[in-house]
Amino acid sequence: MSTKCSAEPVIRIRDLVFERGNRAIFDHVNIDIPRGGITAIMGPSGTGKTTLLRLITGQLCPSSGEVRVDGLPVQALRTRELYALRMRMGMLFQEGALLTDLNVFENVAFPVREHTDLSESMVRNLVLMTLQAVGLRGAAERMPAELSGGMARRVALARAIVMGPEFIFYDEPFTGLDPISLGAVVRLIRRLNHTLNLTTVIVSHDVGVVEEVADCTYLISDGQVVARGTPEELRRNRSEWVRQFMDGLTEGPVPFHLPGTDYARALIEERE
Amino acid sequence: MCIKTGRGGSRQGRQAKQAKINAKLPILRGDCGSVPVSSESERPQIRLDGNTIHLAGCWTSLTLERALAGLPRKLPREGVIAVDFAELGLLDTSGAWFISRSLRDLEGSGREVRTLNVSRDVRALLDLVASQPDPREVKFTTPRFTFLQRCGLATVQIYASILEYLELLGRTVSRWVLLMGSGRVRLPQFFEIVEETGVNAVPIIILLAFLIGVVITYQGLFVLRTYGAVIFAANLAGVTILREMGPLIVAIVVAGRTGSAFAAQIGAMRAADEVDAMVSMGLNPLEILVLPRVFGLMLTLPLLTVLADMSGIVGAALTAQLVAGISPYAFLTQMGSAIGPATALTGLAKAPIFAVVIATVGCFHGFKAESSAESVGRRTTRSVVQGIFFVIVIDAAFSVAYSTLGL
C-alpha cells in the first residue's frame with residue numbers, strides 16, 4: 001500500500017495559493033498524486049476540495065504556484081492544449097450532471113460523437129461496452145430523470161471513462177447513496193482504477209469509505225495540508241486535528257463555535 | 001448568572017443549604033426556581049421604610065415579572081433615598097439589571113441614591129450589568145445607503161455586467177469566426193432551435209401582427225378622415241408596419257418567448273453542473289450551447305418578421321375595407337406607390353441584429369445563474385427585461401442611423 005502512496009507522482013501541485021475575495025482557500029499547498037493509485041483529498045466542508053479539482057483541470061487559475069499534470073503546466077497551456085489535456089481526464093460530478101434532454105445512451109455517446117468521427121456502429125459498440133462495465137446496459141434507453149441517484153452516478157462514470165482517460169476525478173462520489181449503491185460505486189472505482197490503470201483522485205469527506213478505497217490520503221484544512229499518508233498511517237496519526245476529523249469528534253482543534261465577538265455583547269450591542 | 005447572597009434573615013437556614021446547591025448548579029434550582037412561584041416569600045419584595053427601600057425575596061428572571069407590578073409608586077419626595085440589600089434573597093442578571101435600571105432612573109431624575117449592605121458578589125453583578133449599554137437606548141438600525149450610494153452601486157454593477165456580457169459576445173463571435181473555416185455545424189441542434197423558436201412562434205406572431213395592422217389603420221383612418229384623405233392610411237400602415245412595428249413586435253415576442261427559454265435552459269444546466277461536465281469533457285459550452293441558438297435565431301427572426309409584415313398588411317387592408325370601404329386592391333395599389341422594397345429591407349435588416357442580441361442576452365443570463373432554482377428564475381426574468389430593453393435601444397439607434405443615411 002505505502003508503495004503506491006510514494007510512487008512516482010504524475011500530478012504535482014507546488015506552492016499553490018488560491019484566494020477568493022480576501023480569504024485564502026489554499027495557502028502554499030504541495031500535493032503529489034501518484035500514478036496509477038487512488039488518492040483521496042479529504043477535509044471539512046468548505047475547505048475548497050472541489051476548487052482543487054477545478055484547479056487541476058484548469059477551470060480556475062491560482063493566484064500563484066503551479067499545477068503540473070504529467071509534466072504539463074496546466075495554467076500556462078494554450079486553450080487548444082488545455083482542451084487536449086482535458087480529453088485525457090474524466091470527471092465525475094456530485095450529482096452526475098447528465099445532460100437532462102438526452103437519454104443514457106446518448107449521454108455516454110456525447111463525448112465520443114463530439115470528439116471523434118467514429119461510425120455509428122462503433123459508437124454503439126463502444127457505448128454499450130462502457131455501459132456494460134458499469135452494469136447499466138439495460139438502462140440505455142432511459143432518461144436521466146428516470147434513474148436513481150446511484151444509477152445516475154454510474155452513468156456519469158461511464159461517460160467519464162468512455163473516451164479512455166488516464167486520469168479520473170471524483171467530486172464527492174459517495175454522498176447521498178444507499179448502502180447497496182455505495183458498495184457498487186466503491187467497487188467500480190476500485191475495479192476501473194485497476195483494470196484501466198487510471199490515476200484516480202477522489203474528493204470526499206466520507207472517512208469510512210475513503211479508508212476502504214484509497215491508497216493515499218491527503219487531509220486538508222484551512223488551506224493547508226494537515227496530514228498525508230496511507231489509511232494505515234492516518235489511523236496511527238496522533239495529531240489532535242487528524243483524530244478529530246477521522247473520529248468525528250465535536251470538540252477539538254476545530255471549534256464547534258466559529259470565533260466571533262463576545263456573545264452577550266453581540267446580543268445587545270448596537271449594530272454599526 | 002445567579003448569586004446567592006445569603007443574608008435572608010429568617011431564611012438563613014434554608015439559604016445555607018441552597019447556597020451549597022447553587023455552588024454546584026449553574027442554573028437556578030430549588031425554592032426560587034419553581035414556576036409558578038409558589039410561596040409569597042419567594043417573590044421579589046420592596047418595602048418602603050422612611051427614606052429607605054428594602055429589597056427582599058428572589059430577584060431572578062423567573063420571579064421578576066411580579067416585581068414590575070409591585071414597585072411602590074410613592075417614593076419619598078425629598079432627601080437621599082437609601083436602598084438596602086440586606087434582606088435580598090437571590091439575584092441573577094435580570095434582577096440586577098432591573099435594580100440597576102431603577103437606580104439609574106432615580107439618579108437621572110435628580111435624586112441622590114445610596115446603596116446599603118451590598119455584598120461583594122452582588123456589587124460585582126450590578127457592576128457587570130451596569131457596564132453594558134442600556135438596552136432601552138439601543139436602536140436597531142439596518143444599514144441604509146443614501147440615494148447617491150445606491151446610484152453608485154448600481155452603476156458599478158451595471159458596468160461590470162456589461163463588460164461580462166461583452167466578453168461573452170466577443171467569445172461567441174470569435175468562436176464563430178474560428179468555426180467558419182472548419183465547416184463543423186451542429187445541424188440537429190440548429191434545427192431544433194429553429195423549430196422551437198421559429199415554427200412554434202408562428203401562430204402568436206401572425207395574430208399579434210394582424211392586430212397591430214388593424215390598430216394602426218383604424219387610428220390612421222380616424223385622423224385622415226377629417227382631411228378626406230383616408231386612402232393615405234395605406235401609406236401610414238405600410239411604412240409603420242414594414243419599418244418599425246413588424247420587426248419590433250417580432251423581437252419583443254421572441255425576447256419574451258425565446259430569450260427567457262434560453263436563460264432557463266442554460267441556467268438549469270449550470271445548476272446541475274452540466275455545463276461544468278461539458279468543460280471537463282474537453283468541450284466548449286459556447287460552441288455547443290450558444291452558437292446553435294444564435295444561428296437558429298438569426299435565421300428565424302427575419303423569417304418571422306416577413307410573416308409579421310404580411311399579416312400586418314392583411315390586417316390593415318381588411319380594416320380599411322370594413323371601416324372606410326376602401327377595396328383591398330385600391331389599398332394595396334396605394335401602398336405599393338408609397339413604399340418600395342427598400343422600406344421592407346430597412347425593417348428586415350434589423351432582425352438579425354435583434355436575434356444576436358436576444359440570443360446572447362438569454363444565454364448570458366443562463367451562464368450567470370447560480371446553482372439554485374431561485375437564481376435561475378431571477379435570471380430568466382432579467383433576460384426578458386434586458387432583451388426587450390436592448391431591442392428598443394437598438395431600434396432607436398437604427399432610426400437615427402437610417403435618417404442620417406437618408407434611407
Side-chain angles (χ1 to χ4, degrees), chain A residues 50 53-54 56-60 79-102 106-108 110-117 144-145 152 155-156 159-163 165 167-172 262 264-272, chain B residues 1 93-94 96-97 101 125 128-144 171 174-175 178-179 182-189 192-193 196 261 264-289 292 371 376:
Chain A
T50 306
L53 287 188
R54 284 164 191 260
I56 296 176
T57 54
Q59 282 167 265
L60 290 173
T79 312
R80 193 180 300 262
E81 296 165 328
L82 184 61
Y83 277 103
L85 177 63
R86 281 193 193 142
M87 283 184 62
R88 296 165 58 191
M89 300 171 165
M91 183 147 174
L92 188 75
F93 288 85
Q94 210 165 23
E95 302 299 334
L98 297 173
L99 301 171
T100 37
D101 49 355
L102 298 180
E106 287 302 323
N107 257 292
V108 180
F110 188 73
V112 186
R113 294 196 205 281
E114 287 295 331
H115 286 303
T116 68
D117 292 323
V155 172
R159 186 179 66 178
I161 59 169
V162 72
M163 293 296 290
F167 308 94
I168 188 154
F169 305 110
Y170 298 91
D171 188 359
E172 300 282 3
D262 181 53
R265 194 158 275 283
L267 286 179
I268 51 178
E269 204 170 53
E270 182 169 0
R271 289 187 214 157
E272 299 291 329
Chain B
M1 191 179 298
T93 41
S94 302
W97 182 75
R101 185 187 79 175
L125 201 53
L128 173 74
V129 170
S131 70
Q132 303 293 329
D134 190 338
R136 290 172 301 171
E137 287 161 17
V138 172
K139 288 188 195 72
F140 286 98
T141 49
T142 45
R144 285 182 66 175
R171 280 174 187 272
S174 73
R175 196 76 214 156
L178 274 176
L179 284 179
S182 74
R184 269 175 69 190
V185 188
R186 281 159 208 285
L187 281 179
Q189 280 108 316
E192 207 175 294
I193 299 290
E196 188 187 299
Q265 287 159 359
I266 295 180
M269 291 182 77
R270 261 209 84 88
D273 282 339
E274 290 175 41
V275 175
D276 281 335
M278 277 186 192
V279 174
S280 79
M281 283 187 266
L283 302 170
N284 189 332
L286 274 184
E287 190 185 318
I288 294 171
L289 298 176
S371 52
V376 175

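Letters go in sequence order (proteins before strands), and every chain restarts at 1.
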What residues form a side chain to side chain contact (heavy atoms under 4.5 Å, CB included) with A/Asp171, not counting sequence neighbours?
-> A/Thr50, A/Leu53, A/Val203
Within-4.5 Å side-chain heavy-atom neighbours: B/Asp276 and A/Met91 | no
Counting only heavy atoms closer than 4.5 Å, note whether A/Arg88 contacts chain B via side chain, backbone, both or neither.
-> neither
Considering non-hydrogen atoms only, spot the tightest contact between B/Leu283 and A/Glu114 and give its length.
-> CD2-CB, 3.4 Å
Considering only heavy atoms, which portion of B/Ala272 lies under 4.5 Å from any heavy atom of chain A: side chain, backbone, both, or neither?
-> backbone
Side chain, backbone, both or neither of A/Leu85 within contact of chain B (heavy atoms, under 4.5 Å) | neither
What distance separates A/Asp101 CG from B/Glu192 CD, expressed to the nearest 0.5 Å?
-> 7.0 Å
For A/Arg159 and B/Ala277, the nearest pair of non-hydrogen atoms, with its separation, is NH2-CB, 3.4 Å
Between the CE atom in B/Met281 and the NE2 atom in A/His115, the distance rounded to the nearest 0.5 Å is 7.5 Å
Per-residue tally against chain B (heavy atom, under 4.5 Å) across A/Leu92, A/Leu99, A/Thr57 peaks at A/Leu99
Within 6.0 Å of CZ in B/Arg171, more than 12 heavy atoms from elsewhere | no
What part of A/Phe169 is in contact with chain B, defined as an atom under 4.5 angstrom from a non-hydrogen atom: side chain, backbone, both or neither?
-> neither
